[in-house]
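Reading through the structure tokens given below for one structure.
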Amino acid sequence: MRTFAQRLMARPGDRGGGAQKLENVVIIDCGSQFTQLIARRVREMNIHSVVLSWDARRERVAEFSPKGIIISGGPDSVNDPDAIAVDRRVLDMGAPVLGICYGMQLLAKTLGGAVGSGERSEYGVTRVRRSGNSRLMEGLPDELQVLMSHGDRVTSLPEGFRATASTEGGVTAAMEDRAGRFFGLQFHPEVVHTEHGRDILRRFLFDICGCAGDWRLEDWVEGAVADIRRQVGEGRAVCGLSGGVDSSVAAALVNRAIGPRLTCIFVDHGLMRLNEAKHVVASYSGMGLSVRHVDASALFLDRLAGVTDPEKKRRIIGGLFIDVFDAEAAKIGEVDWLLQGTIYPDVIESGHRKGAVLIKSHHNVGGLPEHMKLRLLEPLRDLFKDEVRAIGRLIGVPEDIVDRQPFPGPGLAVRCLGEITRERLDTLREADAIFREELRRAKLYDGIWQSFCVLLPVRTVGVMGDSRTYSEVVALRAVNSQDAMTADWVRIPPEVLDVTAKRICNEVRGVNRVVLDVTSKPPATIEWE
Ligand code: XMP
């Protein structure tokens with residue numbers, strides 16, 4: 001399967017009207033988990049990159065007139081009889097070549113050196129020591145902390161090469177040839193755990209390859225729009241919008257490309273926060289999207305009545321969502337494409353064979369009926385969240401959507417513990433709005449990954465005026481995270497907690513107690529259900 005970047009550049013000559021000559025770096029993917037991270041690092045330096053599969057022939061690589069070539073790592077062992085190998089002629093194109101991990105071993109073996117299996121593999125952060133002059137690492141400290149993950153090692157350098165760094169155990173950690181064309185790193189310069197990794201890549205791209213670094217995100221948008229037009233042709237597309245940043249940016253981008261031939265469906269399950277559905281729909285119409293707003297809240301609440309088991313809630317919501325979406329999509333008539341806001345962290349690399357990475361994506365909308373035979377359009381699948389946000393800003397997606405905190409698909413259902421009723425949802429919405437308001441007032445909201453209230457299915461005794469109360473409990477939850485895989489609870493100042501708790505008890509009927517969740521993930525999860 002070709003990546004979006006590959007498709008984007010499928011016809012290099014006619015991109016951007018043909019007049020503009022893009023400066024390209026070709027990344028040859030040998031199946032590393034980090035290939036897209038290399039592409040991202042190159043983008044961060046304002047250089048355009050194209051990811052090609054390991055089996056791309058020289059002619060294919062030449063179409064991009066690469067200023068430089070990077071060969072990624074990969075899970076194979078170069079000595080295996082069926083190990084993947086790059087077309088030998090790619091190395092003779094004249095562009096400087098940087099081999100990373102497996103890429104370095106491939107370079108060494110192809111150019112006449114030898115690779116052996118180490119007695120022990122090196123995985124993790126380790127120290128390497130530089131030796132002699134190096135064009136790639138000029139100006140860097142003598143010792144560097146780097147991330148290694150390999151079993152094999154270069155045991156004999158090709159002729160004309162010298163080792164420029166090695167590990168304490170004597171393994172060659174970096175090599176380059178005297179002519180300054182070939183460079184190898186046994187460690188990963190693209191990950192943050194490698195000290196000066198970016199400096200090394202910068203030296204390769206600017207000083208060695210001579211890149212100018214004048215590529216911009218605007219160019220990406222222009223290229224993506226042109227590519228979507230080519231892909232979709234005269235076809236029609238449908239997408240499910242959730243109010244979240246990924247689906248919204250994907251829709252705005254495709255709207256640029258094919259305008260009214262994109263129909264968006266916003267399924268309102270009645271489980272959004274206070275006034276959220278209204279805001280989201282208004283934002284979408286302000287963006288010029290053609291949106292069908294389906295108010296299915298009565299259906300969802302009806303089917304959720306009496307259900308308290310978290311998994312059962314999720315199953316009901318997921319199933320109903322697909323039914324409602326399908327029914328609405330069927331009204332549109334002939335549709336060819338299903339647009340999804342899949343981004344790179346959603347893409348699970350589920351296997352690797354002969355360098356072909358099998359990719360499985362999270363499907364936010366779920367399956368449409370087979371008979372519709374929709375093809376998937378995923379223009380953001382090579383991008384990271386912050387890049388999607390930057391593109392969103394660039395193409396006019398409103399700030400409140402671009403900056404929106406992640407919100408779970410099942411919405412407030414997983415924050416309204418116990419039975420879901422309209423009354424309990426209203427209670428939760430009011431408390432949640434107060435918490436948000438107070439965090440905003442304290443200028444904390446924008447810096448927090450997720451913050452929300454949870455309504456607990458317990459009642460406690462309280463006192464209000466002269467009366468005894470017996471009411472429900474609200475928990476405050478605020479976490480910071482990079483990727484939602486792990487999270488830390490946020491230390492909100494006591495004054496903010498105090499005013500939030502007072503306001504919730506005074507202003508929200510049916511609540512007489514507020515508690516704070518001080519667990520991180522793990523052991524807890526971010527949501528309570
Ligand atoms: P947990 O609770 O597992 O959540 O720590 C991790 C992140 O995922 C969000 N989340 C969901 N997002 N559909 C979604 O689109 C879901 O069913 C779902 N459940 C949890 C959660 O808000 C957090 O950001």
Side-chain angles (χ1 to χ4, degrees), residues 239-251 265-273 276-277 280 296 300 303-304 307 309-325 338-348 360-367 378 380-381 384-386 388-389 401-417 420 425 428-429 432 435-436 439 445-456 475-490 517-529:
C239 86
L241 287 179
S242 63
V245 56
D246 304 339
S247 62
S248 306
V249 172
I265 299 174
F266 173 62
V267 176
D268 183 356
H269 49 23
L271 299 162
M272 305 275 282
R273 288 162 292 193
E276 195 171 20
V280 162
F300 277 83
R303 292 280 288 280
L304 285 167
V307 179
D309 178 71
E311 279 315 301
K312 204 163 169 204
K313 283 182 188 173
R314 281 174 176 275
R315 275 199 302 277
I316 291 172
I317 294 166
L320 265 185
F321 194 94
I322 291 170
D323 292 348
V324 175
F325 185 86
L338 173 66
L339 168 65
Q340 294 206 320
T342 317
I343 67 170
Y344 190 64
D346 299 332
V347 174
I348 299 167
K360 178 174 148 246
S361 5
H362 288 289
H363 286 211
N364 303 325
V365 170
E378 296 180 308
L380 308 177
R381 68 174 297 132
F384 292 78
K385 192 92 174 180
D386 53 337
V388 172
R389 290 201 157 110
I401 290 188
V402 167
D403 262 349
R404 191 173 181 257
Q405 291 183 351
F407 188 65
L412 297 183
V414 293
R415 297 178 182 174
C416 185
L417 275 52
I420 297 169
L425 283 173
L428 175 56
R429 280 193 185 101
D432 192 71
F435 188 28
R436 218 163 342 136
L439 288 173
Y445 187 79
D446 288 340
I448 294 177
W449 172 269
Q450 269 176 292
S451 51
F452 52 88
C453 287
V454 183
L455 185 63
L456 308 188
L476 307 179
R477 179 77 164 141
V479 294
N480 274 331
S481 173
Q482 296 283 322
D483 49 16
M485 302 298 287
T486 58
D488 265 338
W489 65 279
V490 179
D517 182 351
V518 292
T519 32
S520 291
K521 173 182 180 176
T525 51
I526 295 175
E527 305 291 346
W528 277 42
E529 286 192 338

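All residue numbers in this chain count up from 1 along the given sequence. All ligand and atom numbering here is 1-based and tracks the order in the structure. Below, all heavy atoms of this structure are taken into account, side chains as well, without hydrogens, waters or symmetry copies.
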Minimum heavy-atom distance Arg389-Arg404, with the two atoms named = NH2-O, 3.4 Å
May I ask you to list the atoms of ligand 1 that are less than 4.0 angstrom from any heavy atom of Arg314?
-> 16 (C), 17 (O), 18 (C), 19 (N), 20 (C)
Between Trp528 and Asp517: side-chain donor-acceptor atoms closer than 3.5 Å | yes
Is Gly409 close to ligand 1, meaning an N/O of one under 3.5 Å from an N/O of the other?
-> yes
Just wondering, are more than 12 heavy atoms of other shown residues or ligands nearer than 6.0 Å to CZ in Arg303?
-> no
Give yes if a backbone or side-chain nitrogen or oxygen of Pro410 is under 3.5 Å from a nitrogen or oxygen of ligand 1, and no if not.
-> no
Asp432/Arg436 salt bridge by N-O under 4.0 Å criterion | yes
With distance as the sole criterion, is a donor-acceptor pair present between the side chains of Gln405 and Ser451 under 3.5 Å?
-> yes
May I ask which of Arg415, Lys521, Gln405, Arg477 has a heavy atom nearer to atom 5 (O) of ligand 1 than the others do?
-> Lys521
Does the N or O separation between Gln450 and ligand 1 drop below 3.5 Å for any pair?
-> yes
